[in-house]
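Indexing begins at 1, ligand by ligand and atom by atom, following the structure's order. When reading the values below, keep in mind they use all heavy atoms of this one structure, side chains included, and skip hydrogens, waters and symmetry mates.
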Amino acid sequence: MMIDSYLHKGMRRKLMQEVQKKGVEDPQVLRAIESIPRHFFLDNAFLKFAYEDKAFPIGEGQTISQPYTVAIQSELLNIQKGEKILEVGTGSGYQTAVLCELGAKVFSIERQRALYVKTKSLLHRMGYRAKLFYGDGYKGLPSFAPFNKVIVTCGAPFVPEALLKQMQTGARLVIPVGKGDVQIMTSIDKEGENNYKRLEYGRFRFVPMLEDRISGKF
Ligand code: SAH
């Protein structure tokens, strides 16, 4: 059973304030951090870490992103209500929940089947209506394109061409780019059909974006 107590709410308020101190200003993003029970997204053994501003293991060798990182990426996306967002790397679903709270229509892809199944059921139980897909984020979701915003939550060795193609003119992509264990947070604005503006926001650490699914064939 999922219980959200006053204790959890108090810890969440502190977490929100910590994220704010680190430089996140968007009031809606801060409100999302304060309202989403992050402990629902962690395995029981890690409950007491749910409200520390740190990344944590979620099984299958993956992590739930650090709240500060989730907040920065969400702020950079500058989401308007009703926008269509493509997320690559559903993972625990925490970032997905933040995007939903911001009023986005979220389409999220995860390449690990076990995580996809687990997170789909959790988000559903929590009442989020995100559309989740088991597949390869390098390919995006051509049949649901174009998107208003695209977010990648794993470290990409390069910017996948398919994601650029699936952006509407005026759309923004927020993606950590880098081959090693450090990535540069990057935003790419599609200003015209073949006209992109790229900006960088410093160093972050993500689990790598991998090609193809681990099990099963396409
Ligand atoms: N936003 C997530 C972050 C999870 S870590 C959260 O807050 O929990 C990144 C996730 O990206 C992992 O679950 C990993 O399996 C997934 N991933 C890696 N490469 C991928 C790809 N090519 N397509 C889709 N998902 C991918």
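- Comparing Ser92, Gly89, Ala55 by heavy-atom distance to atom 10 (C) of ligand 1, the nearest is Gly89.
- Close to ligand 1: Glu87, with a non-hydrogen atom less than 4.0 angstrom away.
- Residues Arg31 and Ser35 bring no donor and acceptor atom of their side chains to less than 3.5 Å of each other.
- Within ligand 1, the atoms closer than 4.0 Å to a non-hydrogen atom of Gln95 are 1 (N), 7 (O), numbered from 1 in the order shown.
- Counting heavy atoms closer than 4.0 Å to ligand 1, residue Arg111 contributes atoms from both its backbone and its side chain.
- The aromatic rings of Phe107 and Phe144 are tilted relative to each other, their planes meeting at an angle between 30° and 60°.
- Between Leu210 and ligand 1, at least one N/O pair is under 3.5 Å apart.
- In terms of N/O distances under 3.5 Å, ligand 1 is approached by Asp136.
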I would like to know whether Lys22 and Glu18 meet salt bridge (Lys or Arg N to Asp or Glu O under 4.0 Å); could you show each step before the answer? CA-CA 6 Å; Lys22 289 178 179 169; Glu18 197 176 332; 3.5 Å; yes
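- The atoms of ligand 1 that sit less than 4.0 Å from any heavy atom of Tyr138 are 22 (N).
- Between Lys149 and Asp189 there is no salt bridge, since none of the side-chain N atoms of the basic residue sits less than 4.0 Å from a carboxylate O of the acidic one.
- Counting heavy atoms closer than 4.0 Å to ligand 1, residue Gln62 contributes side-chain atoms (C-beta onward) but none from N, CA, C or O.
- Atom 4 (C) of ligand 1 has its nearest heavy-atom neighbour, among Ile151, Thr63, Thr153, in Thr63.
- Within ligand 1, counting atoms from 1 as listed, the ones closer than 4.0 Å to a heavy atom of Ile64 are 8 (O).
- When Gly137, Gly59, Pro208 are ranked by how near their heavy atoms come to atom 23 (N) of ligand 1, first place goes to Gly137.
- For Thr96, the closest heavy-atom approach to ligand 1 does not fall below 4.0 Å.
- No more than 12 heavy-atom neighbours from other residues, nucleotides or ligands sit within 6.0 angstrom of CZ on Arg129.
- Close approach to Ile109 involves these atoms of ligand 1, each under 4.0 Å from a residue heavy atom: 24 (C), 25 (N).
- Between Glu83 and the options Leu102, Leu77, Asn148, a side chain to side chain contact (heavy atoms under 4.5 Å, CB included) holds for only Asn148.
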Assess whether ring pair (Phe, Tyr, Trp, His ring centres under 6.0 Å) is satisfied between Tyr94 and Phe56, documenting all intermediate values. CA-CA 12 Å; Tyr94 180 67; Phe56 256 93; over 10 Å; no
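- Listed by atom number, the atoms of ligand 1 under 4.0 Å from Leu115 heavy atoms are 13 (O).
- Using a cutoff of 4.0 Å between basic side-chain nitrogens and carboxylate oxygens, Arg205 and Asp181 are scored as salt-bridged.
- Residue Lys54 qualifies as open at atom NZ: its count of foreign heavy atoms under 6.0 Å is 12 or below.
- Of all atoms in ligand 1, listed by their number and element, those nearer than 4.0 Å to a heavy atom of Val207 are 5 (S), 9 (C).
- By the 6.0 Å contact criterion, CD on Glu200 is enclosed, its count of non-hydrogen atoms from other residues, nucleotides or ligands being greater than 12.
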